[in-house]
Number of protein chains: 2
Amino acid sequence: MLDNNSNQAAKPRMIEALSIDNVVLGIESGRLMVLTAKYNTGLAQGLWGLLGGWVAYDEPIDNAAKRILKMITGVDDLYLEQFRAFGDVKRYPAERVVTIAYYALVRPDLYNVIPGGTASHVEWRDVRNLPSLIYDHGEIVKALLLHLKSKVRHEPIGFNLLPEKFTLLQLQEVYEAILDVKLDKPNFRRKILKMNLLIDCNEKQQGVMHRAASLYRFDMVVYQKLCEHGFNFEF
Amino acid sequence: MLDNNSNQAAKPRMIEALSIDNVVLGIESGRLMVLTAKYNTGLAQGLWGLLGGWVAYDEPIDNAAKRILKMITGVDDLYLEQFRAFGDVKRYPAERVVTIAYYALVRPDLYNVIPGGTASHVEWRDVRNLPSLIYDHGEIVKALLLHLKSKVRHEPIGFNLLPEKFTLLQLQEVYEAILDVKLDKPNFRRKILKMNLLIDCNEKQQGVMHRAASLYRFDMVVYQKLCEHGFNFEF
DNA sequence: GCAAAAGTGTTAATCGTACACCCATGG
DNA sequence: CCATGGGTGTACGATTAACACTTTTGC
């Protein structure tokens, strides 16, 4: 994915048959956005793609994904999960490279990413209107969106796309963005509140030009308990 | 995973940082079983593990999984899907190897597997009572079982574990084996029939010492249509 | 007749859905 | 007083869950 002939000292040994590609997702004014990077080195120089890099020889793959993400964006400590491996023979032009795709869900307060490492620029793009990306990265995004649609119905991952305190409408918009549907407001409110996954912060929204909404936060403790019994999360 | 110094002619080039491990699952008298192999070569010689092997340099990973499965068991043409990659640094003792786990669901008529390739024996084991397996294979099975529990609720993969024609009780037993719960028979019948995924074969079970049950088969066409709308499959 | 599984019926409680409607606030 | 979103009520059909019950068959 990236240049492997730079002149750094003590360059770590990389597994060059194996890369990581991170799909970083966020919500911006109700639209699901993906972070793309413009590479300044290697085969993809000057082109846009996902946030990728090689796995080091002595590094767990989960760590590799985190390291690459931090290197390119400066951002750390976010929801990061493996999606799956992509291993068509010709997906990478120069040689045989299998990549493991990860996805990250980003809260808006971490939106200000600073390009670094092998990326000269990073840019948020609307996932429903993506330009063409290097290699099979377009395919990876498409497959991930399908996966997310299903996953968001069974696990409350949507919360990772919001600030710690959020309104019910914001949460609804996250679900609408991921599922690409319109939901009924009263029914959404009731359903989500009945799950007991939200804690009322007893605070109101500030600086809006209409009635201020209540702020809620996600109750991780209740969630863990529900998980052990395998619960449902349908909309 | 396997010996890479055999004296075959024209040995293909392998990516030795990357292996495949197949978890082959079947139902036997209502219990979920997994196929294990005893290796006759390589690091794992004499030990039991999943059905693994290396990815060839010019081979898509899905094909590698299929090829390895066929080599070890002689069995072809079954439901085979990628699970996910496992990449801890020390999961494989001799060197750094990332493995991509696949899982196969096997119909009972394909149970008679013949050990081949790098396996001297293969044996079905109860997944709820597994002996210890090489490397991280025990962990892979455990993680997959959790994944399957969730997957079976949203996609009708259970059918892949049954012969083409099956009774409703057999189907129920598949769900009970995967979910590890007891289900109510009348309610299960109604629910599954209402989905319209079953075609009545207008045939009865043979040779049972009680009232013979109707045989059904899975309607792939209706299923495909439902998939496009993203449907539910809860129990 | 008995056992074992097939298959049907019934009920109460819950849930999903589609709305109509009122409330609070800033401009 | 209007626009905007916050928030509640309601009513109907569909779904679920629990359980009693009848049917068929081989022994």
Side-chain angles (χ1 to χ4, degrees), chain A residues 27 29-31 152-154 156 162-163 165-177 179-217 226 229-235, chain B residues 27 29-31 152-154 156 162-163 165-177 179-217 226 229-235:
Chain A
I27 299 275
S29 50
R31 283 145 62 221
V152 83
R153 282 169 184 271
H154 314 300
L162 290 172
K165 298 173 180 184
F166 51 84
T167 70
L168 293 180
L169 187 59
Q170 285 175 316
L171 184 58
Q172 181 177 340
E173 281 167 353
V174 167
Y175 279 91
E176 290 178 339
L179 296 172
D180 204 13
V181 293
K182 193 89 193 81
L183 300 171
D184 179 84
K185 184 173 48 147
N187 293 337
F188 181 86
R189 291 178 62 80
R190 269 187 292 259
K191 176 146 195 164
I192 203 91
L193 286 174
K194 185 141 53 168
M195 289 178 184
N196 271 97
L197 284 174
L198 297 190
I199 300 173
D200 193 333
C201 300
N202 294 311
E203 284 178 61
K204 296 281 176 189
Q205 226 175 358
Q206 300 287 326
V208 286
M209 51 194 157
H210 52 75
R211 176 173 174 183
S214 288
L215 292 174
Y216 293 88
R217 56 195 175 80
L226 284 172
H229 294 74
F231 81 115
N232 198 4
F233 204 72
E234 198 64 46
F235 283 98
Chain B
I27 299 275
S29 51
R31 283 144 64 220
V152 83
R153 282 168 184 273
H154 313 301
L162 290 173
K165 298 175 180 182
F166 50 84
T167 70
L168 292 181
L169 186 60
Q170 284 175 318
L171 184 58
Q172 181 177 341
E173 282 167 352
V174 167
Y175 280 90
E176 291 178 338
L179 295 173
D180 205 13
V181 292
K182 192 90 194 84
L183 300 171
D184 180 86
K185 184 173 50 151
N187 294 337
F188 181 86
R189 291 177 62 82
R190 269 187 290 259
K191 175 144 196 168
I192 203 90
L193 286 175
K194 186 144 50 169
M195 288 177 183
N196 271 96
L197 284 173
L198 296 190
I199 300 173
D200 192 333
C201 299
N202 294 312
E203 283 178 60
K204 296 281 176 191
Q205 227 176 354
Q206 300 287 326
V208 285
M209 52 194 155
H210 52 76
R211 178 173 173 183
S214 288
L215 292 173
Y216 293 88
R217 56 197 176 80
L226 284 173
H229 294 74
F231 80 115
N232 198 3
F233 205 72
E234 198 65 45
F235 284 97

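Lettering of chains follows the sequences in order, A, B, ..., and the numbering in each one begins at 1. Just so it is clear, the model here is predicted, and its values are computed rather than measured.
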- Message: Applying a 4.0 Å non-hydrogen cut-off, can you work out what A:Leu168 is touching in the nucleic acid: base, sugar-phosphate, or nothing?
- Response: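 Nothing, no heavy atom under 4.0 Å.
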Those residues that, when tested against [X], pass side-chain hydrogen bond (donor to acceptor under 3.5 Å, both in side chains) (two or more places apart):
X	result
A:Gln172	A:Glu176
A:Glu203	A:Lys165
B:Lys204	B:Ser214

- Query: Has B:Arg211 got a side-chain N or O lying under 4.0 Å from the OP1 or OP2 atom of D:dT23?
  - Reply: no
Take atom [atom1] of [X] and atom [atom2] of [N], then tell me their distance rounded to the nearest Å.
X	N	atom1	atom2	value
B:Lys194	D:dT15	NZ	C1'	6 Å
B:Arg189	D:dT23	CZ	P	15 Å
B:Ile192	D:dA17	CD1	P	14 Å
A:Phe188	D:dG5	CZ	C1'	15 Å

- Note on the structure: Its 5'-most and 3'-most nucleotides having an atom under 4.0 Å from a non-hydrogen atom of chain A, DNA chain C is contacted over C:dC15 to C:dG26
Compile the donor-acceptor pairs under 3.5 Å between side chains in residues 188-200 of chain B and protein atoms, sequence neighbours left out, one pair per line.
from, atom 1, to, atom 2, distance (Å)
B:Arg190, NH2, B:Asn187, OD1, 3.0
B:Lys191, NZ, B:Glu234, O, 2.8
B:Asp200, OD1, B:Asn202, N, 2.8

- Item | Position toward the 5' end of DNA chain C (nearest nucleotide), A:Val208 or B:Tyr216 |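 So the residue in question is B:Tyr216.
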- Position toward the 5' end of DNA chain D (nearest nucleotide), A:Arg190 or B:Ala212: A:Arg190
- Item | 5'-most by nearest nucleotide on DNA chain D - A:Lys204 or A:Met209 | A:Met209
- Query: Is any side-chain heavy atom of B:Gln170 closer than 4.5 Å to a side-chain heavy atom of B:Val174?
  - Reply: no
- Within residues 179-187 of chain A, residues whose heavy atoms come under 4.0 Å of DNA chain C: A:Asp184, A:Pro186, A:Asn187
- Item | Rounded distance [0.5 Å steps], CG in A:Leu162 versus CZ in A:Arg217 | 14.5 Å
